[in-house]
Amino acid sequence: MKLQEDLSKRGPIRVAVVGAGLMGSGLVAQLKIIHNIDVILWSSRREDGLAAKAKEVGLNEDTYVFADDIKEAEALLEEGKMILTTDNSLAWRLDGVDAICDCAGNTEAGACINENGLEAGKHIISFNVECDVLLGPYFLKKAKEKGLCYTGTAGDEPGAIMELYNFATFLGFRVVAAGKGKNNPMNVEATPATLKEEAEKKGISPRMLTSFVDATNTMVELNAVANATGLLPDEGGCVGMHATINDLSKKLRTKDSGGEMNRPGTVNFVHGIAPGVFVSVESDEPMIRREMPYLSMGDGPNYIFYRPYHLTNIETPLTIARAVMYNEATIAPEVGYVAHTVAVAKKDMEAGEAIEGIGSATCYGTLVEAERAYEENLLPIGLIVGETKLARPVKKGAPLRLDDVVLDKSSTLVKLFNREHGRFYALPKNINMV
């Protein structure tokens, strides 16, 4: 395999992993068995939690040392030790790091990691889709200016969808829909309190499970695909249809053709095909249309390319190697701000109330075209970080607008969004590729 050959010739890629949750820990465990991609630094907020994770993934205690001082860390690296730390900044301050894997799971942390990492000359592999849909076009531009790679990861659903999209478009097919399966029944009123017991059984945080159940996580992932491909949310938002893989092609047609889509060229989610991802394609070539039924792809006019799995962090080594050696992104927001995941109130709230963002009891996210978000001044849910408060009362079910809230002006995320968003990226027009 050329990737392995090139990696062997190059020598070890030295990686910093930020975050010790499910993705970060899984990535460190996976990279233990991958030749020539070495984790030299692993950071997380709490030393005791990181120590427990190091034991859980089977790191030999003789191979790592805790350090927060830059000079001490550099000396330990010279001795061949792996650094564990509670100081994320070592990821970009250490000269030996080639690439940073952002597994922090926090938009504010992601903004700091990406901004400082790129400034310090590090490639960025981001699991932080929530941060990407807010600042990804800016980070991508910055990376290109510095000759670096900014990318989402293989194995995460946006990356897996992009793999199919690239496959289809390279072969000359027209992508009329792309999306993913949804595991959990959708309930936009879900809260961490109502899901606490279920979250404990699943071994994840109640807030993370809430973002899955209320579909904010799904909207954010489809947002990333929209920004990478130019595909739009369906009119009125994602349909969220129910289908099996056998009838998916019929459902992914427009309503005037007997399907459930309002228009072609959209991203969507489907109940019944998780954990798979898909693209629905068409061809204008008569010979190809005659050949597809022979290849057991159905009678058309649209055909489904389906991947029944996505392996999250287990696939990330592919992204790391391609990013560092070839400057090749798995998925990146090349088209710009095509869509935004905007906040909708889960309950009636009064002026002055603190409001929380993704996975909270106060709001959920829904996907809209960027044009609508700008025209109606809608609030991207990922900007709700830190000490965000309501400036006026809001009603349950109402989309939140930027002037409905007082954002946390001390937030790096908010500062970058305010500074860079409108400065570099114009309102997308006629972006639909279909």
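Every heavy atom of this structure was used, including side-chain atoms; hydrogens, water molecules and symmetry mates were not.
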Shortest non-hydrogen contact from A20 toward L50: CB-CD1, 3.9 Å
E282 side chain near Y303 side chain, heavy-atom distance below 4.5 Å: no
Reference residue F417; test side-chain contact (heavy atoms from CB on, under 4.5 Å); the match among T412, L407, L383: L383
Minimum heavy-atom distance S411-V414, with the two atoms named: OG-N, 3.1 Å
For E328, side-chain contact (heavy atoms from CB on, under 4.5 Å) partners two or more places apart: R322, Y326
Basic-acidic side-chain contact under 4.0 Å: E5, K9: no
Pairing residues for K182 by the side-chain contact (heavy atoms from CB on, under 4.5 Å) criterion, not counting sequence neighbours: N184, M186, A215, T218, F269, H271
Residue pairs, two or more places apart or on separate chains, that pass salt bridge (Lys or Arg N to Asp or Glu O under 4.0 Å) and touch residues 28-42: none
Set of residues satisfying side chain to side chain donor-acceptor pair (under 3.5 Å) with respect to S126, sequence neighbours excluded: none
K53 bridged to E56 by N-O distance under 4.0 Å: yes
Side chains of E119 and W92 in contact at under 4.5 Å (non-hydrogen atoms): no
Pairs meeting criterion side chain to side chain donor-acceptor pair (under 3.5 Å) with involvement of residues 283-292, two or more places apart: R174-D284
L400 side chain near V344 side chain, heavy-atom distance below 4.5 Å: no
salt_bridge(E420, K141) N-O dist < 4.0 Å: no
Worked verdict on D247 versus T244 for side chain to side chain donor-acceptor pair (under 3.5 Å): CA-CA 6 Å; D247 62 1; T244 66; 3.2 Å; yes
Counting only pairs under 3.5 Å, give me each side-chain donor-acceptor contact of residues 128-137, with atom names and distances, residues two or more places apart or in other chains.
residue : atom : partner : partner atom : Å
N128    : OD1  : C131    : N            : 3.2
N128    : ND2  : D102    : OD2          : 3.2
N128    : ND2  : N106    : O            : 2.8
D132    : OD1  : Y150    : OH           : 2.7

Lys/Arg-Asp/Glu bridge criterion (N-O < 4.0 Å) met for E356, R207: yes
Trace of the side-chain contact (heavy atoms from CB on, under 4.5 Å) decision for V406 with T388: CA-CA 6 Å; V406 179; T388 303; over 6 Å; no
Partners passing side chain to side chain donor-acceptor pair (under 3.5 Å) against E369 (at least two apart in sequence or in another chain): R263
Check against side-chain contact (heavy atoms from CB on, under 4.5 Å), N377 and D403: CA-CA 8 Å; N377 204 29; D403 50 5; 3.9 Å; yes
Polar side-chain atom of S257 near backbone of G259 as donor-acceptor pair, under 3.5 Å: no
side-chain contact (heavy atoms from CB on, under 4.5 Å) against N187, all qualifying residues, sequence neighbours excluded: E189, A190, V213
Backbone N/O of S89 and side chain of N116: donor-acceptor pair under 3.5 Å: no
With R14 via side chain to side chain donor-acceptor pair (under 3.5 Å) - residues at least two apart: none
R10 vs M325 side-chain heavy atoms within contact, under 4.5 Å: yes
Donor-acceptor contact below 3.5 Å, side chain S25 vs main chain L22: no
Which atom of A178 lies closest to which atom of V175, heavy atoms considered: CB-CG1, 4.5 Å
Salt-bridge criterion met for K255 and E260 (N-O under 4.0 Å): no
ring-ring contact (aromatic ring centres under 6.0 Å, His included) contacts touching residues 168-187 (sequence neighbours left out): F173-F305
Side-chain heavy atoms of C363 within contact of I381, under 4.5 Å: yes
Candidates V368, V220, T366, L222 - the one meeting side-chain contact (heavy atoms from CB on, under 4.5 Å) with T341: V220
Side-chain heavy-atom pair F127, L27 within 4.5 angstrom cut-off: yes
M241 vs L252 side-chain heavy atoms within contact, under 4.5 Å: yes
With D234, the side-chain contact (heavy atoms from CB on, under 4.5 Å) member among L367, T254, V267, V239: V239
List the atom pairs, with distances to 0.1 Å, where a side-chain N or O of residues 154-163 and a protein N or O form a donor-acceptor pair under 3.5 Å, not counting sequence neighbours.
residue : atom : partner : partner atom : Å
E157    : OE1  : K180    : NZ           : 3.3
E157    : OE2  : K180    : NZ           : 3.3
E163    : OE2  : R307    : NE           : 3.3

Heavy-atom donor-acceptor pair, K142 side chain to L118 backbone, under 3.5 Å: no
Partners passing side chain to side chain donor-acceptor pair (under 3.5 Å) against N302 (at least two apart in sequence or in another chain): R253, S280
Full working for side-chain contact (heavy atoms from CB on, under 4.5 Å) between V324 and C149: CA-CA 7 Å; V324 175; C149 187; over 6 Å; no
